[in-house]
Asker: 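If you scroll down you'll find the structure; I have some questions about it.
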Amino acid sequence: MALIGKIVLFIVGAFVFQVALSGFSRKVIARIQKRRGPVFWQNFYDIGKLFFKKTSISHGFIFDFGVWMAFGGTVATLLFVPVGPYSVFPGQTNFIVIIYLLAIGSLGMAMSAVGSANPYASMGISRALTQMFGYDVPFALTVVIMIYVHRTSQVAKLAAVQSDIGWHLWVMPLSALVAFIALMAMLGKKPFDTPIAPAEIASGPLVEYSGKYLGMLMVQHEFATFVEVGLFVNLFLGGGSTLLIYLVKYIIVYLLTVIISALMARFRVEQTVAFFWKWPLVLVFIQALIIIGIGIR
Amino acid sequence: MSTLIFIGLAASLLIYAAARLSRPLGALLLMLLSGAGVAALILSWGKGFTETLPLGNGLELTFSLSTFNWPFLLLGAFVLFIVSLFAVNALKEMEQGASFLALLTLIGVSVLGVFGAYDFLTLFIFFELMTWTSFFLVSMGKTGAKKAALIYAFMSMIAAYLMISAIMMIAKYTGSFSYSDFMGMYEAMPSGIRTTVIIFFLAAALIKGGIYPVHFWLRSAHGDAPHVFSPVLSGLLVKYGYYSAYLFLLFFPVMVATKAGITQVTSTNGPNFILAFIGGLSIMAGTVAAILQSDAKKLVAFSSVSHGGYVILALAYGTNMAVACGLAHIWVHVLTALGMFLSMAAVAYRTGTTDMDEMGGLIKNMPVTFTVYLIAIISVAGIPPLAGFVSKWMIIQALAANGSYILAFMAFFGSIGSFMYVFRPLATIFLGQRPHKFKDVKEVPFFMQLSMLVVTLLTILLGIMPYYLLKPFTRIQEFIGMEPVRIGFSTVYSALTQLDMMLVFLVFGGGFLLALFIFLLFAKPTKVEQHEVYTSGEIAPEISTTPEIYHFSKGYYRSFGRLFSRWPSVEAWYHKGASYISQFFEIIEQSLFKQSINGFIWLAVLVMAVLMAVRWF
């Protein structure tokens, strides 16, 4: 029973926090562009409106099924990520499980989008997968270095160990830089927003969604954001000894991605891949050499 | 077991005769035979025996059923069982269906002989049996299959040559063909001979296993072989290569080392690292090549190259975690290769093509085939909670625990790249716009569905309960004296952490139900037709677009391909080398053997020169 309570608290808490924060980030972007921007609870309105719409369009069974899979996979991933001192399944915060379980959400969404039989959606998915191939490889390697050094692949332990040796941001600065760039790509922020690219391919994967489908995918996107930014905070900023510290770190990282994104133009997709396989990959290997050479202190 | 082999040989004749009468009958016979094999092996869990079959003249064939080859024998019987079940319906339109089934039975005999061998002579004889039967099987395919079969036979001959030289070296030194004599003399052998033997055998294993850079026969053999045979080729025959790699990387050295009292063998020494590196290269090359294919079967063939890389990498890496992973990955790959190739064969059975650019939207016609393919690719991509994730998790644990960054990079490269290539058939064959010509395509018949669903079910069950996937291999580890990987019913423990697949499955299932609940809570959606999509304000039927035009499939990853447009290709080098060689011989042919005036002039000049030289000195 306590477990179910914890699960509900995690899901609802993540939803409220992240949707409010993304609403606030719209305000931040507006101020950068010298607009007033919407109120910070605007996104709650948007999601509510979408869910309660009377009409929504379905393009067949796989279109629906993919959305359930995306939503379910992402919610499942959420429960494996430690938030500050809390985690739903202590001892099961396995990094490799998290990053592959996140993929099931992406796969579901990809399947559903292509199932809509719209070529724009298919194009967007092709770009998204290509881009993922670019950023996931260097990102995974940054974590492999950590796993090797600390002899554990539990995200909670990797976060806790930083209270002794200092944040990984200072211990492994090159890794942190690479992971941050990869985080931008994971979140689909500019300059890595080719899969969405509204002006080129009509919002790509999202082109056919409406009503509750779009609502569910918006919530799914917020959950995925919560997982991805959360991973960065846990792995590089030492997680949080209390919930508040964790959330403050989280807000800073998230707003940083939003602000950088507001100032950037867009890469082409193969430029993204070429970029990630050039500098971030080289930096990760340099970091690995440094760690092998001088250790972590 | 020798009785079984004779039964198998007789059965191949019987099955031929039966299949001449009716194809399904022949296939059912083969299915019963291999099904009995699967059942007998499962019942013989934990038992073992050795027997000899004298050939006269002092030669004898030795067979053995033991812990170390049990999973491989089971694998062979299982693949034949599934494929013959599939063939009950699939062979109807094939011209040489009867001989196809008879040859498939001979493959079954070679399974017994290769995996059940306990001496090198038996191993070699049955290896050759497999090569020649599969040569004929490949050549039964569509146009171009003859050439593919020739390439395959040529590569197999190189492998056979390497193997027989190594076996003769062993025989000359130890005076016998037996595995146990070889292990007894292993330490006493001069290191030069031992190294040569091992290198020859491993080279043969790489060729047979389709590992980069000697992988190229796989592309043509898979692409052009009969659709029903491709699952056997990828699910079973490349495993012969992995098996000989397993013998020489793991079984012999570790058994020998255990006798000498060393309990833990890790292979971080140079030669093994080189082999692991070759495995890693195979992962990367196979992945990139698979992404850029437009023929579904060739795509899966390259994914086999990539997965063979994982097996070789893990076996060569040699920590107990890596070894368990490498062995388990062989089984995982059997399941995924069967799933992918069988669903492609099912699609080809109904549509007559494997070209991804031509198809689309087939999920409406073939939902079962789609499900099978979906489950298979989730496992290939290593996404939890399926069997593929267990072995991916284990290899990454093994590599991260020892800080092998470059190999870890290669493993991640293959695993993330596999999302790209497995998604392409899903998107372009099963999803998207369905062309008019495929409107009336039907789902495949019952037996084909059944065989595919067995594979799918096993993929899911072995994923949730990794105990059954890993137990045979931890038992091998115990048998050869290695420290086994610690496993529970649904958990795997590594030095770094633990993995509970049941928990992952339940949490994902819970999330899925939550999504379903939220979905059903709100208003019912309206269903629309496939042409009713966003078209920038135009109405699709009015601007006379066809589904083919409105389906994004040609050049699905063209932008990714641009990255590699200027990269060298090993296959292009082989072609270049071949053309140089043929040019060289052409010069000789033209100057000496052609009936032309030039040839005679050359010959005359040569004779004159010789005469002059003789006179002069």
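Predicted model, so just to flag it, every value in this text is computed and none were measured.
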Asker: Would you mind telling me which of B:Gly417, B:Ala408, B:Ala381 has the largest number of heavy-atom pairs within less than 4.5 Å of chain A?
Answerer: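 Most heavy-atom pairs within the cutoff with chain A belong to B:Gly417.
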Asker: Tell me, for A:Val114 versus chain B, whether the close heavy atoms (under 4.5 Å) come from the side chain, the backbone, both or neither.
Answerer: both
Asker: Report yes or no: does A:Lys212 contribute a side-chain atom to a donor-acceptor pair with the main-chain N or O of B:Phe519 at less than 3.5 Å?
Answerer: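 Checked: pair present.
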Asker: Hey, would you say the B:Tyr405 and A:Phe285 ring centroids sit under 6.0 Å apart?
Answerer: no
Asker: Please identify, among B:Ala515, B:Gly509, B:Gly511, the residue contributing the most non-hydrogen atom pairs under 4.5 Å to chain A.
Answerer: B:Ala515
Asker: Shortest non-hydrogen contact from A:Leu101 to B:Pro384?
Answerer: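 So the minimum-distance heavy-atom pair works out to CD1-CG, 3.5 Å.
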Asker: Under a 4.5 Å heavy-atom cut-off, does chain A meet the side chain of B:Ile291, its backbone, both or neither?
Answerer: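 Interface part for B:Ile291: side chain.
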Asker: Does any heavy atom of chain A fall under 4.5 Å from the side chain of B:Thr428, the backbone, both, or neither of them?
Answerer: neither
Asker: Against chain A, label B:Phe430 side chain, backbone, both or neither, depending on which of its atoms sit under 4.5 Å from a heavy atom there.
Answerer: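 Looking at B:Phe430, nothing touches chain A.
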Asker: For each of B:Phe412, B:Tyr556, B:Phe560, B:Phe419, tally heavy-atom pairs with chain A at distances under 4.5 Å, and name the one with the top tally.
Answerer: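 Option with the top pair count is B:Tyr556.
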Asker: Side chain, backbone, both or neither: which part of B:Lys524 has a non-hydrogen atom closer than 4.5 Å to chain A?
Answerer: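 B:Lys524 touches chain A through backbone heavy atoms alone.
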Asker: Could you pull out the closest heavy-atom pair between B:Leu374 and A:Met111, with the gap in Å?
Answerer: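 Taking every non-hydrogen atom into account, CD1-SD, 3.3 Å.
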Asker: For B:Leu513, is it the side chain, the backbone, both, or neither that has a heavy atom closer than 4.5 Å to a heavy atom of chain A?
Answerer: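 B:Leu513 has no heavy atom closer than 4.5 Å to chain A.
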Asker: For the side chain of B:Gln433 and the backbone of A:Ala117, is there at least one donor-acceptor N/O pair under 3.5 Å apart?
Answerer: yes
Asker: Any side-chain heavy-atom pair from A:Phe71 and B:Leu516 closer than 4.5 angstrom?
Answerer: no
Asker: What option among B:Trp393, B:Phe508, B:Phe370 has the most heavy-atom pairs under 4.5 Å with chain A?
Answerer: B:Phe508
